Amino acid sequence: MTSQPPGSPVPRRSLTRRLLATLAAGALAFGLAVPAMPAAAAAPSPSPSASTTPAVLSAAPVANGILRPGEALTVAVTLAAGSGAAVATPVGLQLGTAPLSDDAALERWLGGDTTGVTLQQVATGSMDATASGAQTTTALSVPATDAALAGRAAGVYPVRVTADGAGLRTPTVVVVPNDAGAQTPVALVVPITAAPMTRGLLSASELAELTAVDGALSAQLDAVDGTGATLAVDPAIPAAIRVLGSAAPPTAVAWLQRLLALPNNRFALQFGDADIAAQLRAGLTAPLSPTSLQSYMAAADFTQPAPAVSAVSTPDPSTSATPGQPSYPSLTSLLDIGSATPNVFWPATGSAGADTVTALGALGSADQPAHVLVPSTSVVGGARQAAAAVAGVSTPVYDAEVSRALADAAGQNDTTRRGSALAAAQAYLALARATTGDQPVLAILDRGTDRSRVSLRATLGLVATAPGYSSSTLAAVSTIPASEITLADATVDTARVTDVADLLADEQVIDRFATILDQPELLTGRERAEVLQVTNVSWTGDAARKAVSDHRAATRTTLDSVGILSSDFRLVSSSAPLRPWVRNDLPWPVTVVMAVDPNDVRLRVQPRTTVNAQASANTRVEVPVEARIANGEVSVALQLYSPTGEAVGSPQVVDVEVRAEWESIGLIVIILLIVAFLSLGVVRTIARRRRTRTEGDETPDAEPPADGSIVRKSPDADGRSPASDDSAPDTDDDGTEPLSSDFTEENRP
């Protein structure tokens with residue numbers, strides 16, 4: 001079966017049609033006839049191309065194809081009109097005279113090959129005219145007293161419905177059960193998985209949608225609840241709920257509580273349902289497992305205990321229990337799926353050969369042996385016994401034909417087509433019981449995400465009520481003494497193996513890069529989770545190639561998330577800091593070492609500078625630089641390293657223009673200017689004083705005072721007049737200079 005791509009919208013039918021489909025499914029399950037619906041009541045369904053859509057005829061025996069002696073045979077027939085004109089058509093029901101002998105004959109019949117099959121007409125009817133794009137359903141019945149049904153031995157009988165007016169025929173089967181003999185144990189493995197994705201875990205919004213009443217994960221639990229199915233649980237789903245702590249959606253918490261409370265036997269798939277065989281072929285000795293989910297947890301969601309969280313998650317006892325501090329659950333607690341059988345491996349169908357089984361068997365122990373599930377198509381000779389071993393390693397074999405028919409039925413959302421697929425699955429179960437005798441039969445419901453609640457429930461109900469069978473578990477089958485088998489060479493998807501090898505190489509680069517973090521597991525744990533999700537077995541073909549390509553591109557983006565932002569620099573002094581930026585696009589702070597290496601001795605720098613770069617920010621770095629007396633261009637190489645010496649980001653080269661003597665020249669120029677200004681000031685002062693003295697010498701003698709006293713100016717010893725002396729002369733109170741002692745009385749007037 002082919003699943004829809006992740007994120008594709010699921011077609012929704014109207015409420016009326018869903019109710020009719022549900023009623024029809026119930027009628028089929030209980031063996032009731034489905035009345036014909038008039039064409040006028042048929043709801044049209046859109047067709048992808050009105051010009052090319054062909055009509056489709058489908059038929060489904062009621063009661064999942066079980067026809068017991070003394071019961072009437074009723075077959076529901078649906079005609080989905082194509083693009084042709086609406087015409088009425090007669091329909092006929094034909095029944096084989098002899099049972100089909102084995103799986104090969106059954107497969108040929110269901111494929112349209114009528115070789116060796118003799119049919120007889122047992123009922124007729126008519127289909128009303130069906131408008132283009134609409135469908136009509138009717139029922140064809142054969143009374144229990146009809147001679148065609150009398151005396152039929154147990155077996156699988158071919159049935160065919162014809163619509164000759166439309167030129168259509170469709171095969172199906174009915175099973176006359178064999179109730180004699182002991183009940184045959186049947187174990188069914190059902191996956192509990194989400195659609196494949198490239199992120200490490202489901203988001204809160206995705207969980208809320210998937211675990212809602214009409215969500216896909218809720219449908220899976222509804223289907224297995226009350227059955228004996230063995231659950232194959234992807235531990236990434238419980239982990240996605242638990243890492244949200246108190247922020248987990250209430251519907252998701254309730255879903256997880258319900259999962260843990262189910263009594264079903266279970267085992268854990270690889271995280272993300274990763275492809276085990278591809279990992280081993282890529283060179284690993286054991287499948288990968290998650291290392292840390294710390295990056296998905298927020299401290300605020302684990303700081304205060306919440307009833308919803310404590311119900312599904314147990315804090316790690318090694319973490320701090322200080323009030324106000326977060327208490328995170330351990331990785332083991334996050335991945336817990338309840339009481340489970342350990343060391344059970346379910347490789348993708350057809351991917352495991354003897355080498356894969358041997359490698360996985362080495363992972364078990366005497367107390368907890370490994371069990372590797374393989375399909376019957378991988379066994380040489382096609383042996384179908386469930387309890388088997390390869391070189392001593394427990395290798396439960398699931399019936400590939402039964403499993404394929406169950407998966408087909410689970411994927412059918414149309415009532416009639418689902419009934420036809422269920423009848424085919426019933427037929428394969430009947431043939432399997434006839435082949436294995438008292439040995440148990442193991443079947444799987446292979447991975448798939450486009451299954452409705454009704455289809456899942458009907459499929460699991462068929463296995464639980466199959467005539468001649470009793471419910472069992474994988475754990476019970478694994479305890480039965482095993483028969484040694486030989487496995488055929490597995491189909492190897494070389495492109496997938498190459499992809500896994502590339503992802504592993506990228507992961508090693510991420511591991512080295514993550515040493516820039518104080519907690520490297522924040523990055524390495526996320527990378528491992530995403531690698532496991534990208535290698536999910538449901539990724540196939542071109543979708544798988546694109547998923548890997550997108551992840552590798554994201555890895556390159558991560559490796560480029562820390563780098564240097566720089567520009568050319570001019571150094572005009574003997575010492576100045578070089579100031580580049582460290583860019584950090586990661587959501588966590590990092591510690592890096594910036595190495596600086598000039599290509600010329602004219603520049604001397606600090607070779608190593610430790611930088612603590614903030615999260616999602618650019619951080620300025622100052623690197624001391626000293627220039628020697630020289631000019632020129634110097635190239636400086638910049639490179640970031642982790643504290644352990646791993647190169648981080650791309651190297652950068654900065655051109656530094658050195659003008660080291662400009663500082664000395666500028667200082668000399670300033671000094672010379674200062675000296676010049678001071679000299680000019682001195683010269684101007686001296687000139688001014690000389691000019692003042694010259695003006696003083698040219699001044700005429702003053703007139704004698706009015707009182708007749710004589711005032712004389714006596715030159716100093718150095719010949720200067722008192723007026724030119726720097727110190728002020730002594731004066732009398734009236735401001736005149738006292739007479740010199742050299743004057744005598746006769747000199748007085």
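Owing to the predicted nature of the structure, the values given are computational and were not obtained by experimental measurement. Here, residue 1 is the first one in the sequence, and each next residue gets the next number.
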Working for side chain to side chain contact (heavy atoms under 4.5 Å, CB included), residues L259 and L231: CA-CA 10 Å; L259 171 67; L231 309 182; 4.2 Å; yes

Going through the distances and angles, do T198 and Q533 end up as a side chain to side chain contact (heavy atoms under 4.5 Å, CB included)? CA-CA 6 Å; T198 56; Q533 293 285 7; over 6 Å; no

Check the pair L474, N265 against side chain to side chain contact (heavy atoms under 4.5 Å, CB included), reporting the backbone distance first and the verdict last. CA-CA 8 Å; L474 175 62; N265 175 241; 4.3 Å; yes

Apply side chain to side chain contact (heavy atoms under 4.5 Å, CB included) to the pair L406 and L188, showing each step before the final yes or no. CA-CA 10 Å; L406 291 175; L188 177 64; 3.9 Å; yes

Run R418 and S455 through side chain to side chain donor-acceptor pair (under 3.5 Å) and show every step you take. CA-CA 7 Å; R418 178 172 60 245; S455 296; 3.0 Å; yes

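Rounding to the nearest 0.5 angstrom, the gap separating the OG1 atom in T211 from the CD1 atom in I241 is 6.5 Å. Taking OG1 of T251 as the reference point, atom CG of L207 lies at 8.0 Å (rounded to 0.5 Å). L293 CG to R528 CZ: the interatomic distance, rounded to the nearest 0.5 Å, is 11.5 Å. Going from atom CZ of R453 over to atom CG of D222 covers 4.5 Å, rounded to the nearest 0.5 Å. With rounding to the nearest 0.5 Å, the separation of OG in S351 from CG in L280 is 9.5 Å. A distance of 12.0 Å separates CD1 in I237 from CG in L335, rounded to the nearest 0.5 Å.
At a cut-off of 3.5 Å, with distance as the only test, a side-chain donor of S205 or S203 sits close to an acceptor on the other residue. Neither side chain, D506 nor T555, offers a donor N or O lying under 3.5 Å from an acceptor on the other. If you check the side chains of R417 and S58, you find no donor sitting under 3.5 Å from an acceptor. Side chains of T137 and T78: a donor-acceptor N/O pair is present below 3.5 angstrom, by distance only. Side chains of D275 and Q279: no donor on one and acceptor on the other come within 3.5 Å. T349 and Y398 form a side-chain donor-acceptor contact under 3.5 Å, judged by distance and modelled atom types alone.
Annotation for Q294: atom CD counts as buried by contact number, over 12 foreign heavy atoms lying within 6.0 Å.
A salt bridge is defined here as a Lys NZ or Arg NE, NH1 or NH2 lying under 4.0 Å from an Asp or Glu carboxylate O, and R545 with D550 fails to meet this definition. Under 4.0 Å is where a charged nitrogen must lie from a carboxylate oxygen, and between R404 and D446 no such pair does.
Using a 4.5 Å heavy-atom cutoff, the side chains of Q270 and L288 are not in contact. A heavy-atom distance below 4.5 Å is not found between the side chains of L442 and D399. Proximity of W255 to S218: side-chain heavy atoms (C-beta onward) are separated by under 4.5 Å at one or more points. Side-chain contact check for T524 versus S292: every heavy-atom pair is 4.5 Å or farther apart. Residues L360 and H371 are not in side-chain contact: their nearest non-hydrogen atoms beyond the backbone lie 4.5 Å or more apart. The shortest side-chain heavy-atom distance between I510 and L523 falls under the 4.5 Å cut-off. Using a 4.5 Å cut-off on side-chain heavy atoms (C-beta onward), V477 and V441 make no contact. Inter-residue side-chain proximity for L260 and I337 is flagged as unmet; no heavy-atom pair is nearer than 4.5 Å.
Checked against R199 for a salt bridge (Lys or Arg N to Asp or Glu O under 4.0 Å), the options E206, E527, E530 give a single hit: E206.
The heavy-atom pair separating V175 from A427 by the smallest distance is CG2-CA, 3.6 Å. A247 approaches D301 most closely through the heavy-atom pair CB-OD1, 3.6 Å. Here the closest heavy-atom approach between residue W539 and residue V534 is recorded as CD1-O, 3.3 Å. Among all heavy-atom pairs drawn from R242 and L334, the shortest one is NH1-O, 2.9 Å. Between D585 and S616, the shortest heavy-atom distance links the atoms O-OG, 4.2 Å. Contact record, R457 with T227: NH1-CG2, 4.3 Å, taken as the closest heavy-atom pair.
Side-chain N or O atoms of T535 include one that pairs as donor or acceptor with a backbone N or O of L532 at under 3.5 Å. The main-chain N or O of A229 is found under 3.5 Å from a side-chain atom of N264 such that the two form a donor-acceptor pair. Looking only at distances, no side-chain donor or acceptor of S420 sits under 3.5 Å from a matching main-chain atom of T416. Put simply, the side chain of N343 gets close to the backbone of Q368: a donor and an acceptor are under 3.5 Å apart.
Sorted by first then second residue, the salt bridge (charged side-chain N to carboxylate O under 4.0 Å, His left out) pairs that include residues 244-256, not counting sequence neighbours, number zero.
Stacking of R447 on the aromatic ring of W346 is recorded, both the 6.0 Å distance cut-off and the 45° axial limit being met.
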